[in-house]
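Quick caveat, the model's predicted, so the values are computed rather than measured.
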Amino acid sequence: MLSIGEFSKICEVSTKTLRYYEEMGLLHPVEINPESGYRYYSIEQLKTMLFINRLKSYHFSLDEIKAIRDAEEDQAEEKLYSVLTRKRREIQEKLNALEYTLKQMNCDLLQLEKGIPIMSYLDDIDVQLVETKPMTILYARKQMSRNDFAAGYGMYFSSLYEKVAKERLTLLGTPMTIYHSAEYNPDSNDTEFAIPIREAVKGTRDLPGRLCARSVCKGAYSDLTSIYARLREWIEKEGYEMVKSPYEVYVTDPNLTKASEDMITEVYFPIKKK
């Protein structure tokens with residue numbers, strides 16, 4: 001057996017951390033001397049500690065690691081494969097976001113080298129005045145927190161497409177999201193997911209045609225705030241006012257678009273003259 005000090009040294013984990021792992025039930029010493037309180041670990045537990053460290057390096061929380069360790073033996077490998085697949089997807093999404101941020105920073109640095117303000121790109125965002133046509137939309141309206149957005153978009157749009165396939169409905173456009181909340185609340189936003197279809201069936205409603213200020217976002221969804229700001233500025237400058245909730249139309253499918261800069265989203269602000 002190894003003393004807690006020896007075990008700590010080999011695994012490069014402090015004794016304080018090992019005691020915390022013991023408290024939370026993640027890793028127990030195989031023996032505790034009843035007189036001295038000294039803790040001892042087995043040679044076999046080195047592999048367990050290395051496994052815990054490996055999952056920590058993959059950015060799993062201690063609670064997540066404990067849940068993996070507590071899985072039934074006959075389900076352990078299947079559970080591990082599932083959680084590793086999910087974590088890999090999360091890390092890849094973060095990497096993609098960081099790569100996009102680096103590209104933006106490089107562009108900003110080039111602009112500054114040329115003496116151009118980095119926010120001057122807002123002036124280059126094109127705004128058009130358009131008259132939209134009325135449409136029938138199949139919809140699902142939900143209260144969404146910020147953390148629910150990514151999963152929610154996939155879940156609710158998938159549900160709408162399943163209904164389209166099951167009832168053999170006719171698609172007339174790409175997915176869209178209508179934002180009904182008067183203000184942004186990270187914990188709860190009134191969000192409507194919709195797909196334009198031909199048939200008026202249960203679960204559909206009419207979306208009237210309207211005069212709209214329209215702009216196109218070519219890039220990551222994080223760029224949409226710039227589009228919103230530019231549209232709002234244009235509406236005020238041109239003497240219009242908002243009359244209905246803004247909405248986004250997803251021209252490209254994010255699941256089929258490899259690079260975020262290739263994503264295309266149309267943004268519509270229903271308006272009228274003041």
Side-chain angles (χ1 to χ4, degrees), residues 53-65 67-68 79-113 116-122 124-126 140 142 144-162 173-179 184-189 191-195 214-231 246-268:
N53 284 344
R54 192 182 192 93
L55 293 185
K56 282 181 65 180
S57 74
Y58 293 161
H59 300 274
F60 282 98
S61 69
L62 292 179
D63 287 336
E64 288 175 320
I65 295 172
I68 294 169
K79 182 176 180 62
L80 181 59
Y81 184 88
S82 175
V83 296
L84 281 176
T85 301
R86 174 177 55 81
K87 185 62 71 173
R88 181 180 63 179
R89 183 173 62 250
E90 291 176 4
I91 291 175
Q92 186 61 58
E93 289 173 354
K94 290 178 181 178
L95 279 173
N96 293 342
L98 284 172
E99 287 178 0
Y100 190 74
T101 298
L102 280 174
K103 287 182 181 179
Q104 282 189 316
M105 289 180 69
N106 288 332
C107 288
D108 287 346
L109 286 168
L110 287 173
Q111 292 290 84
L112 290 171
E113 287 175 3
I116 303 173
I118 63 174
M119 299 307 294
S120 61
Y121 75 91
L122 288 170
D124 298 327
I125 296 175
D126 184 47
K142 306 291 179 180
M144 303 286 294
S145 74
R146 180 175 183 174
N147 293 332
D148 292 337
F149 274 2
Y153 279 35
M155 179 173 63
Y156 293 123
F157 279 133
S158 294
S159 177
L160 292 175
Y161 276 116
E162 285 175 10
T174 54
M176 56 194 299
T177 306
I178 307 170
Y179 298 99
Y184 174 73
N185 180 348
D187 297 322
S188 181
N189 284 282
T191 309
E192 184 177 12
F193 306 95
I195 302 174
R214 170 187 174 272
S215 191
V216 179
C217 177
K218 296 180 179 179
Y221 294 140
S222 58
D223 292 343
L224 283 167
T225 52
S226 295
I227 300 296
Y228 275 62
R230 173 64 178 135
L231 279 166
Y247 60 92
E248 300 166 0
V249 176
Y250 306 110
V251 180
T252 55
D253 185 339
N255 296 317
L256 303 177
T257 307
K258 294 183 178 180
S260 56
E261 54 262 37
D262 295 331
M263 290 163 53
I264 300 175
T265 308
E266 296 177 345
V267 182
Y268 293 83

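In this structure, the side chain to side chain contact (heavy atoms under 4.5 Å, CB included) partners of Ile118, at least two apart in sequence or on a different chain, are Asp108, Leu112. Under the ring-ring contact (aromatic ring centres under 6.0 Å, His included) criterion, Tyr268 pairs with Tyr247, sequence neighbours left out. Contacts of Tyr221 classified as ring-ring contact (aromatic ring centres under 6.0 Å, His included), with partners at least two apart in sequence or in another chain: Tyr250. Evaluation of the side chain to side chain donor-acceptor pair (under 3.5 Å) rule for Thr101 yields no partner, not counting sequence neighbours. Partners of Glu93 by salt bridge (charged side-chain N to carboxylate O under 4.0 Å, His left out), not counting sequence neighbours: none found. Qualifying side chain to side chain donor-acceptor pair (under 3.5 Å) partners for Lys103, counting only residues two or more places apart in sequence or in other chains: Glu261. Not counting sequence neighbours, the partners of Tyr161 by the side chain to side chain contact (heavy atoms under 4.5 Å, CB included) test are Leu171, Pro175, Ile195. Residues passing the side chain to side chain donor-acceptor pair (under 3.5 Å) test with Gln92 are Asn96, sequence neighbours excluded. Applying the side chain to side chain contact (heavy atoms under 4.5 Å, CB included) criterion to Ser222, with sequence neighbours excluded, gives Tyr100, Ala220. Residues passing the side chain to side chain contact (heavy atoms under 4.5 Å, CB included) test with Ser61 are Asp63, Glu64, sequence neighbours excluded. Scored by the salt bridge (charged side-chain N to carboxylate O under 4.0 Å, His left out) test, Glu192 finds Arg205 as partners (sequence neighbours excluded).
To the nearest 0.5 angstrom, Tyr58 atom OH is 9.0 Å from Ile91 atom CD1. Taking CZ of Arg54 as the start and CD1 of Ile65 as the end, the distance is 12.5 Å to the nearest 0.5 Å. One finds the CG atom of Leu109 at 10.5 Å from the CG atom of Leu102 (value rounded to the nearest 0.5 Å). Taken to the nearest 0.5 Å, the CE atom of Met176 stands 10.0 Å off from the CD atom of Glu248. Annotation: the span from Met105 atom CE to Leu98 atom CG amounts to 10.5 Å, rounded to 0.5 Å. Here the straight-line distance linking atom CD of Glu266 with atom CZ of Arg214 works out to 4.0 Å at 0.5 Å rounding.
The backbone N or O of Asp126 sits less than 3.5 Å from a side-chain atom of Ser215, completing a donor-acceptor pair. Checked by atom type and distance alone, the side chain of Thr252 pairs as donor or acceptor with a backbone atom of Ile264 at under 3.5 Å.
Using a 4.0 Å cut-off between charged nitrogen and carboxylate oxygen, Glu90 and Arg86 count as a salt-bridge pair.
Remark: Lys142 is not positioned above the aromatic ring of Phe193, lacking an NZ or CZ atom under 6.0 angstrom from the ring centre and at most 45 degrees off the axis.
In the displayed structure, Tyr184 atom OH is contacted under 6.0 Å by more than 12 heavy atoms of other residues, nucleotides or ligands. When the shell of 6.0 Å around CE of Met155 is examined, it contains more than 12 heavy atoms from other residues, nucleotides or ligands.
The shortest non-hydrogen separation linking Ser145 to Asp187 is CB-O, 3.4 Å. Scanning both residues, Cys217 and Ile227, for their nearest heavy atoms gives CB-CG1, 3.7 Å.
By the 4.5 Å heavy-atom criterion applied to side chains, Gln111 and Tyr121 are not counted as neighbours. Contact of the Phe60 side chain with the Ile68 side chain is registered, since non-hydrogen atoms from C-beta on lie closer than 4.5 Å. Contact annotation: the side chain of Tyr179 never approaches that of Asn189 to less than 4.5 Å [non-hydrogen atoms, C-beta and beyond].
Pairs of residues two or more places apart, or lying in two chains, that qualify as salt bridge (Lys or Arg N to Asp or Glu O under 4.0 Å) and include a residue from residues 220-231 are Arg230-Glu233.
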Practice task
Step by step, work out the side chain to side chain contact (heavy atoms under 4.5 Å, CB included) result for Glu113 and Leu110.
Solution key: CA-CA 5 Å; Glu113 287 175 3; Leu110 287 173; 3.8 Å; yes
